[in-house]
Structures are given as C-alpha cells and as structure tokens.
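Input: a single structure, listed below in structure tokens.
Computed from heavy atoms alone, side chains included, the values below leave out hydrogens, waters and symmetry copies. This one's a predicted model, so the numbers in the text were calculated from it and none came from an experiment.
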Amino acid sequence: MARIMPFRALRYDSGRIRLSDVVCPPYDVLTPAQADDYRARSPYNAIHLDLAGGEAQPAGADRYTRPAAELARWQAEGILIRDERPGFYLFEHSFREPGGQMRTRRGFFGRVHLEDFAAGVIHPHESTHAGAKGDRIELLRATRTNFSPVFLLHPDEDRRVWRTLEAAEHPEPPLEFEGPDGGGIRLQAAVGAGADEAAALLAASSLIIADGHHRYGAALTYGRERQAAGDHTADACLAYFCGMDDPGLVIHPTHRLIAGIDVPPLEKLRSRLLERFEIVAEVADGLGDPKALLGRLAEHGAAPVFALLLAGEGVAVVVKLRERAAVDALVAEGLAPAVAALPVTVLHYLLLRGVFGVPPRGGEGQIEYSRSEDEVVERLRAGRHPLAVLQHAPTIADVQHVVEAGQTMPQKTTYFYPKLPTGLLFNPLD
C-alpha cells in the first residue's frame, strides 16, 4: 500500500523574494560554472542549500554544516516560512519542446512513506551509479531536510487524482512565475478533505521512480538510521507525483559517449556489425548534422536502431538489429523478454558489448552521457571519445514493462524532461 501524505511545506515568502531568482535546476544536472551562476543570482538561491561546496565555500569549511547554517538563518530571517496547514501542492510546468511544441506537465507535491523495493510498492526503473548517494545522505544528516523531490509516476487513466486536487480547498491564490528553464510555473496548495481523498485514491497504487533514484536511496538509508535510534520523523520523503497518462509527460533520449576503446577502421567494423545488425545508412560527414541522424532513427519507429559516430574518420553509421534470435539469446542470459527486446538493452548488450567489448552494466569512467546531440558532436571533436551512439528515447510503456518484469534499465536510460526545479518546496523532517 502506497502511503502518500500531505505536509506543511517550508517555502520562500513570495512577498519578500522573487521566486524566479531562487529556484534552480537539480544539483546533478549542473556544471560547476552553472552552479556558481545560480549562487550569484541570489544569496537565497536554493543551490546554496542543495549543492554543498562550490567556489563560494571558505577553504576547510565543512561542506555540509554550511547549508545547515544557511537553512537556519533563512528561517530566522523569515525568508523561509512554514505553511500552517498540511496539504498537497499542485504543480503545472509549461515548457517548450526542442521542436517548438508547447506542453504542460501536471502533478503534485506531497510526502511518500519510504519502502524497501522488496515490498513491491515503490519501484526503480533503472540502475544507478554509486557515488551520488553518499553525498545526499551526508546532506540529510546535517540539515534534516529534503530539498529536492523524488519524481514518482502513478496510474491515473481518468485523471481522477488530479481533478480531485483541483476541486479541493485552496487557501491561497496560485503562485505563477518563470522557472529556471524559462518555462512557466504554477504552484498552489490543496488542503482539507479533497487532499485526503486524493491520498486515498492512490493508496492501492504501485509507484515508479522516474527520477531521483539516488535521492530515494539516500532518504531510505537515512530513515533507517533514524528508526534505529527510535525516531520515525524521517520515515517519509518529499516527492512529486505525476500520472503516467499525463499528456505533458515527456522522455528524451540520453546518448552515449565511449572512451577507452579502440575503434577499428570502418572497413573492418562493417564485418563486425553485420553479424547482428543491418547497416541502413552511412554518412560521410557524420559529425555535421546530428539532428538529421536522429531523424533517420525516427524513420524506423520503435525498432532497435542506432547512429554510431566514429570520431577518427568523422563518419556515421546507422544500424538496425537484424535478427530476433539475438534477443532470444539475451533472455537465456536471464533478462525478461520485455526487457531483452528494449532498444537500450540491445544497445548495451549486443552493440556495445558484442561489437566493442564494453560491459553492459557499470561502465563508470568508460561510458559518459549527454542528452544533447550537439554536445555529443562537440565532445567527439574534442578528441577524448573515439565513439558515440545516438538513440531514440524509450517510452512510458517501456518503463512499465521493465518494472513489471522486476528488472531495471541500464544507467541513464531515461531523461524525463524538463527536470523538476529545486526550491519550490522543502520538507523538514520533524
């Protein structure tokens, strides 16, 4: 049973602070230079809390006590205030797709009771790298506050949950302002019986982590630490809930850049590829127009098709899986049939492992990621990566199939766009 709870959010006093100055993207998508830009935007920007360290930190200072001290000071100054009534917070995020289309994603913020994955209530959908979780645990220990939410998907085919919250009591007018990605943000509290009804509607639901696997894992570890000390105030964490059928729910592809391998000349590489793949196109100026390459992938629909960019020769090769027997062989390795057939599985097992010897799980230091095809080309030209692979995005149905099979996708498979801003709401663990 999913336990979803309203809460008394700690948030910026919009009468004193311009909200567009203090929200920021999640810490883990920012370069150091971008993070410092947000620090300079306002002394109260949420980046000062969520991303410990940075150039502004004095040498030798404890990187986690500084955010804790800032948090306490902002509350003492009245910059951050606590809502009097527990509620959920409706969040509408309008954004422009790269192709120009406008969309709006609708969901709500609340708290979710932390459950071990084995309980079958909350499910991961992709593997994660180990490094980031330790940083999040240390920040929780120092601040006792969730600064960024976990992004959870829930079933809501008839949009009943959203409509229930829309009809709930709203103690204040909505806050509307520009988000860090330039999109429009609308945030409004929903309280009372309507909020309780929405929580009850989701009680029997299974939830899927769309984004924030590290944050969820850190919150779970920290909650268990507190439980061992007889303290249950960290049994839940801040979460954002979005219906899986929401028309604004968008997944973008995450492309791969490969280092530490020898890529043979195209003349020799062809024979390796043709063992399992059909070569559907070769582009002599392979680094010239990556968007056109993505267009070629789209011509093949959901089929496992990829664009290989060879930095040494400057060419691109578009390949498509040729035989179903290769997928059946992955099932024999222990992958569920629905998982084995996913394009991202074919990429990691049959293409990267089968042709280039890159292990399908792990790959820290060897596989790097980018959601921008233009950035992929720039990094190839910089000379560190001999190979990059462009792919199309998985679908929500793909995510569901993986979870239903009890398995996970490789790291950095999905990029739910846009990222949730940090700084809209904080959840004190008290």
Classify the ring geometry of [X] against [Y]: parallel below 30°, tilted from 30° to 60°, perpendicular beyond 60°.
X	Y	result
Y12	W74	tilted
Y417	F95	perpendicular
F117	Y216	parallel

Short N-O contact, [X] and [Y], less than 4.0 angstrom:
X	Y	value
D181	K419	no
E368	R256	no
R226	D235	no

Test side-chain contact (heavy atoms from CB on, under 4.5 Å) applied to N427 and F147, step by step: CA-CA 7 Å; N427 176 42; F147 297 126; over 6 Å; no
Residue pair R11 / L424: nearest heavy atoms and the distance that separates them: CB-O, 3.7 Å
Minimum-distance pair of heavy atoms, taken over all atoms of L257 and S370: CD1-CB, 4.1 Å
Euclidean distance, S206 OG relative to L152 CG, rounded to 0.5 Å: 11.5 Å
CA sep, side-chain torsions, deciding dist, call: L347, V389, side-chain contact (heavy atoms from CB on, under 4.5 Å): CA-CA 9 Å; L347 167 62; V389 183; 3.6 Å; yes
Results of ring pair (Phe, Tyr, Trp, His ring centres under 6.0 Å) for Y222 - residues two or more places apart only: none
Full working for side-chain hydrogen bond (donor to acceptor under 3.5 Å, both in side chains) between Y240 and D211: CA-CA 10 Å; Y240 167 75; D211 200 5; over 6 Å; no
Review item, side-chain donor-acceptor pairs of residues 335-346, under 3.5 Å, at least two apart:
from: T345; atom 1: OG1; to: V339; atom 2: O; distance (Å): 2.7

Heavy-atom side-chain contact between T221 and K133 under 4.5 Å: yes
Residue pairs, two or more places apart or on separate chains, that pass side-chain hydrogen bond (donor to acceptor under 3.5 Å, both in side chains) and touch residues 297-326: R324-D328
Whether E373 side chain and K291 backbone form a donor-acceptor pair below 3.5 Å: no
